[in-house]
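Whatever order the structure lists ligands and atoms in, that order sets their numbers, starting from 1. Positions are given from 1 along the sequence. Note that the structure is predicted; figures quoted are calculated from it, not measured.
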Amino acid sequence: MKCQAIMNIMEQLAPRRLAEDWDNPGLLVGSPKQDVGKLLVCLDVTEEVVMEAVYNHCDMIISHHPVIFKGMKKLRTDLYQGRLFQKLLINNIAVFSAHTNLDAAVGGVNDVLARAAGLERIRAFDSDSSRPMEETVGRIGYLPEPMTIDEFAAKLKAGLGAEYVRVVRAGDKIIRKVALCSGAGADFISRAAFLGADCYITGDVKYHDAQLARENEIHVIDGGHFPTEFPVVKVLAELISAKAEEAGERLEIICDTASRDVFEVI
Ligand SMILES: [Zn+2]
């Protein structure tokens with residue numbers, strides 16, 4: 001299968017127009033013309049992930065976080081980033097990234113998170129009023145039955161397969177309506193409260209974000225950046241596989257098993 005054909009599948013699954021202006025999605029390493037027999041799907045292109053791709057004879061990596069994000073000023077192979085690109089190029093491995101476009105896409109990172117949280121009647125959460133609703137990143141939905149914050153936090157932790165979640169408790173308010181934004185979405189806490197959510201799920205919550213949540217009387221569950229996004233890896237691999245099969249192409253796909261959350265609790 002040509003790399004270009006996989007890029008076309010990715011355009012269907014996570015259209016580039018859904019990406020934020022500051023983002024850097026697309027084919028970031030390699031050529032659209034190269035042949036791809038085996039593909040690895042991951043969240044981050046780390047050295048461990050590249051080694052896993054090399055070991056498994058993969059020709060391409062699809063990542064959520066762009067492998068090139070800010071401007072690169074050097075490619076020194078004695079430093080981490082240079083070594084990473086050296087390994088990719090020596091082994092002829094292409095890298096395609098779908099970041100905020102995959103966050104916003106139907107069936108993307110946030111829909112996967114909403115399903116892991118057990119939400120129903122899921123719709124887009126208008127965190128950005130300059131865009132049509134269906135193209136925004138966050139999601140809002142309802143629990144099948146009302147829950148306490150303790151019950152819901154335990155359910156979410158199990159749903160994400162996370163080792164822990166951090167909870168900002170806004171009194172003993174019962175949870176019916178839940179808003180969420182995977183990864184680093186603490187900026188939308190007030191918006192979620194304004195939309196009537198009883199609880200907001202995201203990652204990377206800071207101290208003052210947590211205080212703001214309490215002031216707005218909304219519970220917050222910080223599920224962690226990695227755990228709120230990693231579930232998309234398996235789902236994306238299945239979606240690409242189904243599209244390749246539909247097109248009558250032969251493509252082997254594996255999911256990253258090398259990555260772990262960078263945070264641990266001692
Ligand atoms: Zn992220």
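- N56 and E52 are not linked by any side-chain donor-acceptor pair at a separation below 3.5 angstrom, with hydrogens and angles left out of the test.
- In this structure, K173 contributes its side chain and E217 its backbone to a donor-acceptor pair below 3.5 Å.
- At least one donor-acceptor pair under 3.5 Å links the side chain of H219 to the backbone N or O of A170.
- For a distance threshold of 2.8 Å, the protein N, O or S atoms nearer than that to the Zn ion (ligand 1), listed by chain and number, are H65 NE2, H225 NE2, E229 OE1, E229 OE2.
- For the residue pair E229/H65, the side-chain donor-acceptor check at 3.5 Å is satisfied.
- Residues R115 and V235 meet the side-chain proximity criterion, which asks for heavy atoms closer than 4.5 Å.
- A side-chain donor-acceptor contact under 3.5 Å links K243 and Q12.
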